[in-house]
Amino acid sequence: MDNNIRKKYAYWEWRTIIVLIIGYILYYFVRKNFSIAIPAMEQELGLSKVQLGTFLMLNGIIYGFSRFVNGILVDRYSKKLIMATGLLLSAIVNLVICFSPQMNGIMNLLDTEGKATLGLVYLIGSLWVLNGYLQGMGVPPCVSLMVHWIKPSQLATKQSIWNVSHSFGAGLVAICCGFILQKYSYSAWNLCFAIPAAIALVGVPIIFFGLKDKPASVGLPTALELDEAEGNAIEAKKERKLSGENFKKVVNKMVFRNRYIWILAVTNFCIYIIRFTILDWGSSILTQYKGMDISTAGSVVGASELVGGVLGMLLAGWVTDKVFKSCSHKTCFFCSLGATICFFLFWQSTNATLSIIFIVLSSFFVYGPQALLGVSSSQQASKYATGTAGGILGIFGYVSTAVSGPLFGHLADSQGGWDMVFLVAIIFGIIGTFVIALMWKAPANGEAEAEEYINQLEQSEAKL
């Protein structure tokens with residue numbers, strides 16, 4: 001293949017990855033800011049952990065549903081438009097939450113003591129649920145764009161590089177909001193929504209003008225063709241245009257009737273419980289259970305993401321491609337086991353330094369499967385149904401907020417306190433580790449199975 005084509009392809013491939021990293025970091029700025037603001041909203045607005053946990057649950061469930069819906073849409077429509085629109089609207093919702101108490105003159109939102117009435121509870125809750133849907137417009141375009149732009153032989157490594165955006169986004173916004181609350185006190189909780197939203201708006205034009213949906217948009221061959229030309233393809237075949245009916249049949253075969261997709265989905269449910277316990281309740285656990293101040297707690301949560309999460313994802317991607325020959329699910333097994341053990345040690349540690357080390361290590365291991373379960377679902381579903389498969393995993397991952405949200409809020413407020421939260425999270429970690437072990441012998445991907453099935457469909461059509 002012509003060297004100029006390779007250079008041009010490398011430029012667009014890395015441009016796509018970098019823009020997706022920036023874009024998704026900014027998605028997190030208007031998503032995980034809520035979790036850091038939780039202790040302040042409890043104190044200033046009088047919201048309970050159960051109410052806040054319910055917001056997190058409903059946001060997560062709608063987010064998972066949105067990832068499924070948008071996973072289907074990005075397989076058929078413009079990926080960059082969906083991603084840019086989601087970030088724009090999510091930033092607007094955050095700005096409305098920031099100024100919601102100012103609407104007290106229009107609606108009865110605050111009582112005589114300045115605490116939230118049920119009206120403000122419902123308003124903020126409804127807006128955060130809406131934000132869940134808008135946030136679901138972020139991941140599906142990213143996953144689909146990477147499948148189209150990254151060669152199959154490098155997908156796990158480079159998708160793991162993109163996945164650092166989760167940790168960078170969550171870490172930076174945790175540090176930012178922790179600093180805001182420490183400097184201006186808990187009464188400035190609304191700035192935790194306004195400032196991240198303003199920053200996120202910068203990313204909208206970057207996404208829209210910086211991305212192209214497919215290599216063909218700039219006159220380049222597909223990632224599969226380039227990999228095949230270099231002799232590195234993993235069952236690489238040219239992507240075929242499917243009719244609407246055949247597309248539905250392939251999705252049904254490779255996603256809904258694929259046992260590996262469901263194993264990955266259940267594992268995702270379990271590992272996300274540990275992930276969300278750290279992300280959503282981390283600042284509360286560190287301040288109320290471990291005795292840290294809010295600025296330190298925000299910095300520790302940030303460090304667990306920026307140090308533990310980033311290193312965990314990068315190493316997991318490298319190990320998958322170099323040690324396990326692109327079998328992402330094998331790396332996920334060891335990471336799930338490590339996450340469960342380290343979270344147990346974080347629970348049991350009484351020394352502040354050890355607590356910080358173990359929460360960072362928990363994130364280190366959590367972000368292996370967080371990054372690679374999506375890679376594995378793309379591999380198993382084949383290039384024809386990556387968005388739909390990712391949507392299934394999204395639903396399972398974010399339905400887990402029913403556990404990590406109101407249930408954990410209730411447990412934290414009950415007699416068992418945070419100890420019961422840790423115990424339940426660790427039990428789910430053990431279950432997830434066992435389930436992912438069930439597909440240890442699965443192939444690296446389902447491309448060959450998909451191509452064989454498509455051939456059968458085309459042969460059946462030819463006979464008619």
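Sequence positions, counted from 1, serve as the residue numbers for this chain.
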Nearest-0.5 Å distance, [atom1] of residue [X] to [atom2] of residue [Y]:
X	Y	atom1	atom2	value
Leu393	Asn268	CG	CG	4.5 Å
Leu264	His329	CG	NE2	8.5 Å
Ile25	Phe168	CD1	CZ	6.5 Å
Phe55	Asp280	CZ	CG	13.5 Å
Ile21	Ile161	CD1	CD1	7.0 Å
Thr388	Asn252	OG1	CG	11.0 Å

Backbone of [Y] reached by a side-chain donor or acceptor of [X] within 3.5 Å:
X	Y	value
Ser377	Gly374	yes
Lys330	Lys325	no
Ser400	Gly397	yes
Ser336	Thr433	no
Lys80	Lys212	no
Thr287	Ser283	yes
Glu449	Ala381	no
Ser414	Leu411	yes

Pairwise side-chain contact, [X] with [Y], heavy-atom cut-off 4.5 Å (strictly under):
X	Y	result
Ile436	Leu373	yes
Trp281	Lys49	yes
Val93	Leu89	no
Ile356	Met292	yes
Asn258	Val255	no
Met137	Thr85	yes
Phe428	Phe269	yes
Tyr28	Val173	no

Verify the distance criterion only: is there a donor paired with an acceptor across the side chains of [X] and [Y] at less than 3.5 Å?
X	Y	result
Tyr27	Arg31	no
Glu305	Tyr367	yes
Thr277	Ser404	no

Nearest heavy atoms of [X] and [Y], plus distance in Å:
X	Y	value
Ser90	Gln135	OG-NE2, 2.9 Å
Ala91	Leu201	CB-CD2, 3.6 Å
Ile263	Met439	CG2-SD, 3.8 Å
Ala197	Val30	CA-CG1, 3.6 Å
Ser35	Pro39	O-CD, 4.1 Å
Ser304	Ile278	OG-CG2, 4.2 Å

Which label fits [X] and [Y]: parallel for a plane angle under 30°, tilted from 30 to 60°, or perpendicular past 60°?
X	Y	result
Phe256	Trp262	tilted
Tyr24	Trp162	tilted
Trp128	Phe193	perpendicular

(message) Apply side-chain contact (heavy atoms from CB on, under 4.5 Å) to residues Asn70 and Leu73 and explain how you reach the verdict.
(response) CA-CA 5 Å; Asn70 286 289; Leu73 293 178; 3.7 Å; yes
(message) Consider ring-ring contact (aromatic ring centres under 6.0 Å, His included). Of Phe344, Phe346, Phe408, which one does Phe422 pass it with?
(response) Phe346
(request) Could you check Ile180, Asn33, Asn94 and say which one makes a side-chain contact (heavy atoms from CB on, under 4.5 Å) with Ile195? (result) Ile180
(request) Report the C-alpha separation of Leu56 and Phe34 in whole Å, then their side-chain angles, then the decisive distance to 0.1 Å, and conclude whether the side-chain contact (heavy atoms from CB on, under 4.5 Å) test is met. (result) CA-CA 9 Å; Leu56 295 172; Phe34 188 93; 3.8 Å; yes
Within the supplied structure, the quantity of interest is the number of heavy atoms (other residues, nucleotides, ligands) at a distance under 6.0 Å from [X] [atom1]; does it exceed 12?
X	atom1	result
Phe179	CZ	no
Tyr289	OH	yes
Phe65	CZ	no

(message) Run the side-chain contact (heavy atoms from CB on, under 4.5 Å) test on Tyr133 and Val69 for me, step by step, so that the C-alpha distance in whole Å, both residues' side-chain angles and the decisive distance to 0.1 Å come before the verdict.
(response) CA-CA 10 Å; Tyr133 183 86; Val69 171; 4.0 Å; yes
(request) Among Arg15, Glu13, Lys8, find the residue that satisfies the side chain to side chain donor-acceptor pair (under 3.5 Å) test when tested with Tyr11. (result) Arg15
(request) Give the intermediate values and the outcome of side-chain contact (heavy atoms from CB on, under 4.5 Å) for residues Tyr63 and Asn131. (result) CA-CA 8 Å; Tyr63 174 83; Asn131 195 51; over 6 Å; no
